[in-house]
2 protein chains.
Amino acid sequence: MKNKSKRNSIKGIAAELGVSVTTVSFVLNGKAKEKRISEAVTKKILDYIELIGYRPNQLAQSLRTGKSKIIVFMVEDISNHFFSRLARIIEDIAYQKGYKVLFCSNENDDKKSLELIDLFKERQVDGFMIVPSPGIQDKIAALKAEKIPVVLCDRYFPDLDIDHVIIDNEKASYCACEHLIKNNFKNIALITTDVRQTQMLGRLEGYKKAMAAYQLPTNVLILPYKEKTTLQGKESITKFFYENPDLDAAFFTTNYLTKNGLAVIKESFPNALNKMGIVTFDDNELFTIYTPTITAVSQPLEEMAKELMKTMLALLKNPKVAHPPKKIVLKAKLVVRESSKVKE
Amino acid sequence: MKNKSKRNSIKGIAAELGVSVTTVSFVLNGKAKEKRISEAVTKKILDYIELIGYRPNQLAQSLRTGKSKIIVFMVEDISNHFFSRLARIIEDIAYQKGYKVLFCSNENDDKKSLELIDLFKERQVDGFMIVPSPGIQDKIAALKAEKIPVVLCDRYFPDLDIDHVIIDNEKASYCACEHLIKNNFKNIALITTDVRQTQMLGRLEGYKKAMAAYQLPTNVLILPYKEKTTLQGKESITKFFYENPDLDAAFFTTNYLTKNGLAVIKESFPNALNKMGIVTFDDNELFTIYTPTITAVSQPLEEMAKELMKTMLALLKNPKVAHPPKKIVLKAKLVVRESSKVKE
DNA sequence: CTGAAAGCGCTAACAG
DNA sequence: CTGTTAGCGCTTTCAG
């Protein structure tokens, strides 16, 4: 009388079928064999479940087991092409493995990152894949100390022994510069931001080393991060170009900088478009149809996503166990197009 | 002896402070006043909570209340610029309102959509914001019947009374075409896909009406959806252009089609680039720095995201109550650039 | 004003 | 081979 056996719950099923919840739970979790439950009973339960389309309540399951089967992927900005592409691939792998992915954007801001991490910890997500903002070292260390799976992406903290998957920025940058140099460019500018994180530092370093190796002058424009997509940022680039009329090539360290740079060139230095050498970090389909087509340092998205998930899944399997951190460094590929061709 | 009061739980706090869990729960939920709990006790609890940095276990909370504070935003492809931009805005609003957002991509595929919806239902998400694939009408109706909040986005099912926020595709398309016509283009092609959903149908219809209104011939290329980003798709466009040498303008109904179209023009009809009128649906920053800059039908992303969330939040507030469906139709804006200028 | 206690739906140790 | 039962951490009714 009192029981609400109509409800789709293990209890209801047990009541309906005249077995115990344990039995139902076991067959539900595929432990029928292991627990030596009779074929007949197993089948009866399975059939009934099929019949009423029963699905276990994951929330209850999570509460009980402590695992939520959710991982978060925190990036700088999910609407940035590079990150949304990554996200798309990660999504596929994760769902395949029975995990859901929560995406969120931290805008490379520490406060926001911290808030987001706390938020998700409360929700007991199983793990974090993070493109970290500059100042959250301690938080990351704390997560690790709590044995919560974390893997960093795109940039990392050299002082911290945390799993990460990144690319060899310095080398990629060096190669890009060397390519320009070999194509006779002698006055190469680097346009970058003031972000003092490993990925940007590496790109800067690669540039400097290349210039030094070939005894070429350096011309670096460092834009405040805030100006990355603003009018202000464009003006700074314009000014920089005006003040350095001898430049014959420009290397942009991220895709949004490149967009701004191309806009500036188009507006204020239209003749330069086909005379100047141009190389960008981060590829984009549109660079293949631009005129000129733009040479780009292309990051191995697919591979990054795969390694990220592989690393995360390994951690998830054994979160308690200490392990030597996996530091995965992938190679970027220079895709040579028209914009860096030898000019006459 | 038996109790594990060290644990961060209401129980632990109650034990530690020598009060009951009820009391703690009440002050936690801001019902101290309402339940007339003494100031002293309230403060004591609050302070202690602050001290140990206690955060309630959301899972348990959800299990108990039946609300997960999670909504899902299902799009066609999260790596598509249009959707990732939308997602970014939605994310902000949602987090502000205390909701988390799960993003996922259905690839406009029914099977995948259905699987995803079931997956999330099990996880008892509070609501669904969906860019629906063509054949999931019944599922959507079922969700509504179950009183689960759903709001459709970008496209909808005319036969179903479900909240949605879309743009007036037909009108937007008509305006774009009219603009071309007024700029003296007389042989305008429409490049679209075979997707038979409202958004595409509307764009096609707008084109047809405009051509009819001005007694101009129609030239429609309908590409299979599968070819949207393939080489095959490019070849089809190339062939279409070869077979219709009289075309003087092309209107692409989505951004990926435009990318392909521009690639084809660049490769096979370089002279056409500046002679042909070009208009695209879906704006993109890169269109502002392309040469020529590309005229685009720009969808009001910010507004769409806001209306979506507003509608969702309203449903969330009162999921049980029947209500007249909100059918929000926004206006797109034609951003005129060089590619559709009058040609001599 | 405060406490006891009944679950939400599920898992798994323990006891037949 | 199957059933009983004790929680997971929280909310909320009902009694003091």
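Letters A, B, ... are given to chains in the order of the sequence lines, protein chains preceding strands, and every chain is numbered from 1.
Residues of residues 38-47 of chain B that place a heavy atom closer than 4.0 Å to DNA chain D do not occur.
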If the sugar-phosphate is the primed atoms plus P, OP1 and OP2 and the base is the rest, what is the B/S/- string for nucleotides 11-16 of chain D, using protein heavy atoms under 4.0 Å?
BBB---
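A side-chain hydrogen bond (donor to acceptor under 3.5 Å, both in side chains) check over residues 50-67 of chain B, counting only residues at least two apart or in different chains, returns the pairs A/E122-B/R55, A/R123-B/Q58. Among residue pairs with one or both ends in residues 133-151 of chain B, those qualifying as salt bridge (Lys or Arg N to Asp or Glu O under 4.0 Å) are B/D118-B/K139, B/K121-B/E146; sequence neighbours excluded.
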Let me see the working for B/S133 and B/D109 under side chain to side chain donor-acceptor pair (under 3.5 Å), right down to the final yes or no.
CA-CA 6 Å; B/S133 61; B/D109 178 82; over 6 Å; no
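In this entry the distance linking CG of B/L59 with C1' of C/dC10 reads 12 Å, nearest Å. Rounded to an integer number of Å, the gap from A/K11 NZ to D/dT4 P is 12 Å. A/I13 places its CD1 atom 11 Å from the C1' atom of C/dG9, with the value rounded to the nearest Å. Taking atom CG of A/N57 as the reference point, atom C1' of C/dC8 lies 8 Å away to the nearest angstrom. One interatomic measurement links the two molecules: CZ of B/R123 to P of C/dC10, which rounds to 13 Å at whole-angstrom precision. C/dT11 atom P lies 10 Å from atom CD of A/Q58, rounded to whole Å. The nearest whole Å value for the distance from the CZ atom in B/R36 to the P atom in C/dG3 is 16 Å. As rounded to whole Å, 14 Å separates atom C1' of D/dG9 from atom CD1 of B/I52.
By the 4.5 Å heavy-atom criterion applied to side chains, A/C104 and B/Y95 are counted as neighbours. Side-chain contact between A/F26 and A/T42: absent, with no pair of heavy atoms (C-beta onward) separated by less than 4.5 Å. Proximity of B/M129 to B/I90: side-chain heavy atoms (C-beta onward) are separated by under 4.5 Å at one or more points.
Here the rule is side chain to side chain contact (heavy atoms under 4.5 Å, CB included) with B/Y99, and of B/I70, B/V125, B/L313 only B/L313 fits it.
Of all heavy-atom pairs spanning B/M304 and B/L86, the tightest one is CB-CD2, 4.0 Å.
Aromatic ring pairs are classed by plane angle as parallel below 30°, tilted from 30° to 60° and perpendicular above 60°; the pair A/Y156 and A/H164 is tilted.
Judged as a side chain to side chain donor-acceptor pair (under 3.5 Å), and not counting sequence neighbours, the contacts of A/K327 are A/D161.
Across C/dC8, D/dC8, D/dC10, the shortest atom-to-atom separation from the side chain of B/Y54 is found for D/dC10. Listed candidates were D/dC8, D/dG3, C/dC10. Nearest to the side chain of A/S20 is D/dG3.
Overall, the helix from C/dC1-D/dG16 to C/dG16-D/dC1 carries an axis bend of 50° between its ends, with five pairs at each end and the value rounded to 10°.
Heavy-atom neighbours of A/R88 CZ from other residues, nucleotides or ligands within 6.0 Å: above the threshold of 12.
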